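Computed from a prediction, not measured in an experiment: that's the story for all the values here.
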Amino acid sequence: MLSVFSVSSLRRRATARLAALTLASGLLTAGALAGAGAAAAEGTAPGRSGATATIGGLKTYGTAVIHDETGDQQVSAGLFEMSVDGGGTLQTYCIDLHNPTQRDARYHETSWSGTSLASNKQAGKIRWILQNSYPQVNDLAALAAKAGVKGGLTEQDAAAGTQVAIWRYSDAADIDAVEPRAEKLADYLEKNAVALTEPTASLTLDPPAVSGHPGERLGPVTVRTDAGGVSLTPPADAVTSGVRIVGEDGEEITDAADGDKVFFDVPEDAADGSAALTVQASTTVPVGRALVSESRSQTQILAGSSESTVSATATATWGGQGAVPALSSELNCVKGGLDITAANRGDEEFAFSLMGTDYAIPAGESRTVTVPLREDQAYDFTISGPGALATRFTGVLDCRTQSSEEGGAAVQTLSEPSPATVGGISGGDTNLAATGSTSPTPLIAGVAIGFVVIGGAALVVIRKREEAAGES
């Protein structure tokens, strides 16, 4: 929740984003597969699930001071609110102190492995703080008594003290709350925190992508949720394609519960193609779930949830012969890249060319490998396959807090939140202040080559190589 970045800090981050966006503008496309069938219909890579929301602003907060080698720097500290797609509200704290919040940024629920918490040995203590402080504990008199705070706590004190305690663990920050009562709460929470395990997702489908042949039931896809039940929305073209969503007994279903296994029942005479299943539920999102932005906005962690809409999508791909791949992805902050799982359920290898080199996954094999990415790097590339398969992977790698980077970040001291300015663009909402398997296959190794790019000169060289390959 930093009130404002220094100009030099913003320029450094803007330059990194500019290079990343240049790379994401279409440089990497895995094309022209051996044995490709009908024209591919582009789709987004499955893998994201749970709540999706838009940040609304910093709602309940106080003031804190960061102590570092540049001097004391004043920041706002407290609770954000997010509006959930489909209905519901989330309350969150920041776990990314030195990064700015983008105006109206969209966020999605994710596991800790896709955030800076992946390599943070103190992450479990943050969850304890969330469960034992405001707003989970809304009896402020009782909270004040536990923390030894004389005179009680206001909501602003409770929010500021909780955020300060979280920052001490999420960002290893030397930070104090300005209000003595908030500081007393922060000290209590920091001292008493014990490590808890990561909470489970509100809703996921495992695996998020399956494949096989016409005339088979493709799957299973297992529903994982803390909701009482989920509704199933069949593929949009189910009537014309004949694809049904069925349970283990082969009967068509429209709802399911945690642990249920569902299948795509594909007619034997179906042409090569693909379909998507959407699963939706209403539940409270577990406290401690991480939320990351779909642009470049600071990472948040869930402190409270109303009854909210959560969803997940699974895809199925089928083909009569040849390669029949299923592709999904997940960010991996331990390895600093994007994990891609590729399962080939066909009778031929899954082969493609990338930058003049051929790669393959043998028939019947499934592998998960990591595409290395730079911090803050936006990625956008598509892997095409036989039939209607064209799986697109997009996102931003955001695995480190600014304090873990060389040089840290300088901030100006302000008494009130002010709009974050990123890359020369400023917002107008004063509540949106900056705040804090087997060995790797050549399939992804080839993709990785395209990502190991440093600076504009390297981008130009790669573009020239692509043009030369296209002309040959």
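Residues Glu109 and Val285 meet the side-chain proximity criterion, which asks for heavy atoms closer than 4.5 Å. Annotation: side chain of His98 is not in contact with side chain of Thr401 (no heavy-atom distance under 4.5 Å). Inter-residue side-chain proximity for Val279 and Leu203 is flagged as met; some heavy-atom pair is nearer than 4.5 Å. The shortest side-chain heavy-atom distance between Pro220 and Glu248 does not fall under the 4.5 Å cut-off. In this structure, the side chains of Arg374 and Asp376 stay at 4.5 Å or more apart for every pair of heavy atoms. Inter-residue side-chain proximity for Arg127 and Thr197 is flagged as met; some heavy-atom pair is nearer than 4.5 Å. Side-chain contact between Leu338 and Leu397 is absent, with no heavy-atom pair separated by less than 4.5 Å. Side-chain contact between His108 and Val292 is present, with heavy atoms from C-beta onward closer than 4.5 Å.
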Starting from the C-alpha separation in whole Å, work towards a yes-or-no answer on side chain to side chain donor-acceptor pair (under 3.5 Å) for Thr154 and Glu179.
CA-CA 11 Å; Thr154 66; Glu179 169 56 52; over 6 Å; no
Apply side chain to side chain donor-acceptor pair (under 3.5 Å) to Asp85 and Thr52, showing your working.
CA-CA 6 Å; Asp85 293 0; Thr52 301; 4.9 Å; no
Using side chain to side chain contact (heavy atoms under 4.5 Å, CB included), reason through Leu232 and Val262 one step at a time and then give a plain yes or no.
CA-CA 10 Å; Leu232 309 177; Val262 301; 4.2 Å; yes
Please lay out, stage by stage, how Ile166 and Leu130 fare under the test side chain to side chain contact (heavy atoms under 4.5 Å, CB included).
CA-CA 8 Å; Ile166 289 171; Leu130 293 165; 3.7 Å; yes
Would Asp176 and His67 satisfy side chain to side chain contact (heavy atoms under 4.5 Å, CB included), going step by step from the backbone distance to the final call?
CA-CA 8 Å; Asp176 298 316; His67 309 289; 2.8 Å; yes
Do Glu307 and Ser282 pass the side chain to side chain donor-acceptor pair (under 3.5 Å) test, and can you show the C-alpha distance, the side-chain angles, and the key distance before you say yes or no?
CA-CA 6 Å; Glu307 192 78 5; Ser282 181; 3.3 Å; yes
Carefully, step by step, assess Ser366 and Thr341 under the rule side chain to side chain contact (heavy atoms under 4.5 Å, CB included).
CA-CA 7 Å; Ser366 177; Thr341 298; 4.1 Å; yes
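Note that the OG1 atom of Thr60 and the CD atom of Gln156 stand 6.0 Å from one another [nearest 0.5 Å]. Ile301 contributes atom CD1, which lies 10.0 Å from atom CZ of Arg289 (distance to the nearest 0.5 angstrom). The line from CD of Gln377 to CZ of Arg296 is 12.5 Å long, rounded to the nearest 0.5 Å. Between atom OG1 of residue Thr162 and atom OH of residue Tyr188 there is a gap of 11.0 Å, rounded to the nearest 0.5 Å. In this structure, OG in Ser297 is found 10.0 Å from CG in Asp104, a value given to the nearest 0.5 Å. Note that CD of Gln136 and CG of Leu143 are 12.0 Å apart. Values are rounded to the nearest 0.5 Å.
In this structure, Lys59 does not pair ionically with Glu81, as no charged nitrogen and carboxylate oxygen lie closer than 4.0 Å. The pair Arg168-Glu183 counts as a salt bridge, with a side-chain nitrogen and a carboxylate oxygen less than 4.0 angstrom apart. Salt bridge annotation for Lys261-Asp206: absent, with no cationic side-chain nitrogen under 4.0 angstrom from a carboxylate oxygen.
Using modelled atom types, no side-chain atom of Asp157 and backbone atom of Arg181 make a donor-acceptor pair closer than 3.5 Å. Using a distance-only test at 3.5 Å, with no hydrogens or angles considered, no donor-acceptor pair links the side chain of Trp128 to the main chain of Asn192. Of the possible donor and acceptor atoms, none in the side chain of Ser49 sits under 3.5 Å from a partner among the backbone N and O of Ala312. Distance alone, capped at 3.5 Å, is enough to place a donor-acceptor pair between the Glu375 side chain and the Cys399 backbone. Under the 3.5 Å distance criterion, the side-chain polar atoms of Gln163 are left unmatched by any main-chain donor or acceptor of Leu79. With hydrogens and angles ignored, the 3.5 Å screen pairs no side-chain donor or acceptor of Thr370 with any backbone N or O of Gly337. Ser133 contributes no side-chain N or O that, together with a main-chain N or O of Ile129, makes up a donor-acceptor pair within less than 3.5 Å. The backbone N or O of Thr394 lies less than 3.5 Å from no partner atom in the side chain of Asp380, so there is not a single donor-acceptor pair.
When all heavy atoms of Ile55 and Tyr107 are compared, the pair lying nearest together is CB-CE1, 4.0 Å. Closest heavy-atom contact between Val223 and Asp258: O-OD1, 3.5 Å. Nearest heavy atom pair, residue Ala159 against residue Tyr134, reads N-CD2, 4.0 Å. Among all heavy-atom pairs drawn from Thr317 and Leu218, the shortest one is O-CD1, 3.8 Å. Considering every non-hydrogen atom in both Gly78 and Tyr93, the closest pair reads O-CD2, 3.4 Å. Annotation for Asp96 and Asn99: closest pair OD1-ND2, 2.7 Å, computed over non-hydrogen atoms.
When each of Ser202, Ser308, Ser305 is checked for a side chain to side chain contact (heavy atoms under 4.5 Å, CB included) with Thr283, only Ser202 meets the rule. Put simply, the residue from Ile340, Thr315, Leu327 that forms a side chain to side chain contact (heavy atoms under 4.5 Å, CB included) with Thr391 is Leu327.
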